[in-house]
Amino acid sequence: MGGLVAFPTETVYGLGCDALNPDAAAKVFEAKQRPRFDPLIVHITDRGQLGNVVSALPATARQLIDQFWPGPLTLVLPKQPTIPDLVTAGLDTVAVRMPNHPVAQALIRAAGTPIAAPSANPFGYVSPTTAQHVADGLGSAIDVILDGGPCSVGVESTIVSLVGLQAELLRPGSITLEQLSTVIGPLSRSSAAGDQPTAPGQLARHYATQTPVTILTSIKARPTVTKNERAGLLIFSEASATDKHFAAIEVLSTTGDHREAARHLFAALRRLDAQGLDRIYVEPCQEEGLGMAIMDRLRRCAAS
Ligand code: TXA
Ligand code: MG
């Protein structure tokens with residue numbers, strides 16, 4: 001115990017450590033070059049572990065857990081004193097989730113302790129959806145990488161805070177606002193954060209490529225690309241013949257399916273980023289359902 005293990009979840013790969021061990025948590029922050037003010041998510045595999053992590057479980061939490069766990073939903077709740085301050089960045093709340101992936105579940109069970117894990121990428125970069133992505137970004141800093149193949153969801157979990165009077169959506173994900181409000185009624189949306197966010201995953205620039213990203217104004221809009229510019233294009237459906245002046249094109253889903261697009265999003269961004277392009281142009285998608293999470297990640301990637 002005390003080491004770091006990268007592991008697959010249904011959303012993205014996590015960089016895990018014993019959630020009750022502050023020295024291990026310190027290694028996670030070091031490996032990722034993550035600022036200490038950005039708290040980690042605590043992963044559990046059965047409800048019996050909840051009592052060791054959170055100090056209160058409101059009715060809304062129980063309803064969401066019944067409906068969506070195990071799955072890509074993280075709940076922010078009052079924390080137990082056993083969770084080290086480093087894990088929660090000194091907050092009196094903790095983010096907790098039960099992943100729906102057999103390898104993640106087996107790991108947590110074998111460890112016999114909740115596992116604190118951020119996404120397994122250097123701070124600020126695009127999250128990893130394959131074991132190779134983890135090795136590319138953090139390989140030398142990690143003890144073990146468990147390879148569970150590509151992640152099925154592809155964007156990070158939905159985060160809901162249940163500590164205030166009204167439930168608040170802190171990060172959109174594949175459990176959609178519509179699905180959440182069907183179970184617990186209306187949620188507020190956290191206001192877009194500036195440089196001093198309460199949850200730093202909300203930092204304006206995050207999930208970012210090295211290559212500058214520009215989001216196009218509409219679905220079929222295309223930029224004027226000059227002769228000496230090498231531009232990449234990321235789109236949600238088939239490219240058209242007029243797109244051939246782009247140096248690289250990534251199609252997220254040939255049928256415009258948001259689930260497929262989310263699954264391919266980060267790998268496609270990484271491939272484009274590896275090509276030394278001058279700029280990556282991105283088609284926007286409809287901002288409803290899973291499209292809200294996709295556009296959230298793309299906007300943060302494009303923020304300068
Ligand atoms: O899908 C996921 O959630 C993945 C997998 C590995 O589980 N994890 C992940 O972790 O995306 P990370 O560290 O990249 O993002 C966690 C987010 C951060 O934005 C952090 O600020 C927020 O959760 N967070 C953690 N604890 C919090 C708390 N007590 N209150 C508010 N936000 C919190
Ligand atoms: Mg992350």
Side-chain angles (χ1 to χ4, degrees), residues 4-17 19 25 28-29 31-45 53-55 68-80 83-101 103-105 107-108 114-129 133-134 137-138 146 148 151-164 167-175 190 193 196-208 262 266 293 296-297 300-301:
L4 303 188
V5 52
F7 63 99
T9 80
E10 74 278 36
T11 57
V12 300
Y13 275 71
L15 177 58
C17 71
V28 168
F29 282 89
K32 279 193 61 131
Q33 296 288 305
R34 181 177 176 111
R36 297 270 178 126
F37 61 70
D38 195 356
L40 310 180
I41 294 176
V42 174
H43 298 69
I44 60 173
T45 187
V53 179
V54 308
S55 62
F68 299 115
W69 278 11
L73 176 66
T74 296
L75 299 178
V76 173
L77 291 162
K79 88 174 190 83
Q80 281 289 7
I83 304 295
D85 279 343
L86 188 55
V87 168
T88 61
L91 298 172
D92 51 12
T93 58
V94 61
V96 61
R97 103 171 178 94
M98 190 188 288
N100 187 16
H101 191 291
V103 175
Q105 291 174 354
L107 174 70
I108 301 165
I115 292 191
S119 52
N121 51 281
F123 182 72
Y125 195 64
V126 181
S127 293
T129 53
H133 293 165
V134 179
L138 294 175
L146 301 176
C151 301
S152 60
V153 173
V155 291
E156 303 83 352
S157 61
T158 306
I159 306 183
V160 173
S161 169
L162 296 172
V163 293
E168 189 180 6
L169 180 67
L170 298 182
R171 180 172 73 184
S174 72
I175 304 290
S190 64
Q196 294 287 309
T198 49
Q202 302 169 53
L203 282 172
R205 184 165 168 79
H206 207 86
Y207 312 111
F266 290 152
D296 171 78
R297 306 307 188 272
R300 290 180 205 285
C301 189

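In listed order, ligands and their atoms are each counted from 1.
- Under 4.0 angstrom from ligand 1, the non-hydrogen atoms of Arg34 all belong to its side chain.
- Remark: distances from the non-hydrogen atoms of Ile41 to ligand 1 include one below 4.0 Å.
- For the Mg ion (ligand 2), the set of nearby N, O or S atoms under 2.8 Å includes none belonging to Ser127.
- The heavy atom nearest to atom 22 (C) of ligand 1, considering only Val160, Leu40, Ile159, is found in Ile159.
- Seen from the ring of Tyr207, Arg297 counts as a face-on cation partner, given the 6.0 Å and 45° thresholds.
- For Lys79, the heavy-atom gap to ligand 1 stays at 4.0 angstrom or more.
- Counting atoms of ligand 1 from 1 in the listed order, those under 4.0 Å from a heavy atom of Ser119 are 8 (N), 9 (C), 10 (O), 12 (P), 13 (O), 14 (O).
- Between Gln33 and Pro122 the shortest side-chain heavy-atom distance does not fall below 4.5 Å.
- Proximity annotation for atom 20 (C) of ligand 1: of Val94, Asp38, Ile115, Thr93, Asp38 comes nearest, heavy atoms only.
- If you check the side chains of Ser119 and Glu156, you find no donor sitting under 3.5 Å from an acceptor.
- Note: no N/O pair closer than 3.5 Å links Tyr13 and ligand 1 by distance alone.
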- Query: Would Leu40 and Arg34 count as a side-chain contact (heavy atoms from CB on, under 4.5 Å) if you check the C-alpha gap in whole Å, the side-chain angles of each, and the deciding distance to 0.1 Å?
  - Reply: CA-CA 10 Å; Leu40 310 180; Arg34 181 177 176 111; 3.6 Å; yes
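- Which parts of ligand 1 touch Gly14 is read off a 4.0 Å heavy-atom cut-off, strictly below it: atoms 6 (C).
- Side chain of Arg97 to backbone of Trp69: no donor-acceptor contact under 3.5 angstrom is found.
- Under the 3.5 Å distance criterion, with hydrogens and angles disregarded, a donor-acceptor pair is assigned to the side chains of Arg171 and Ser157.
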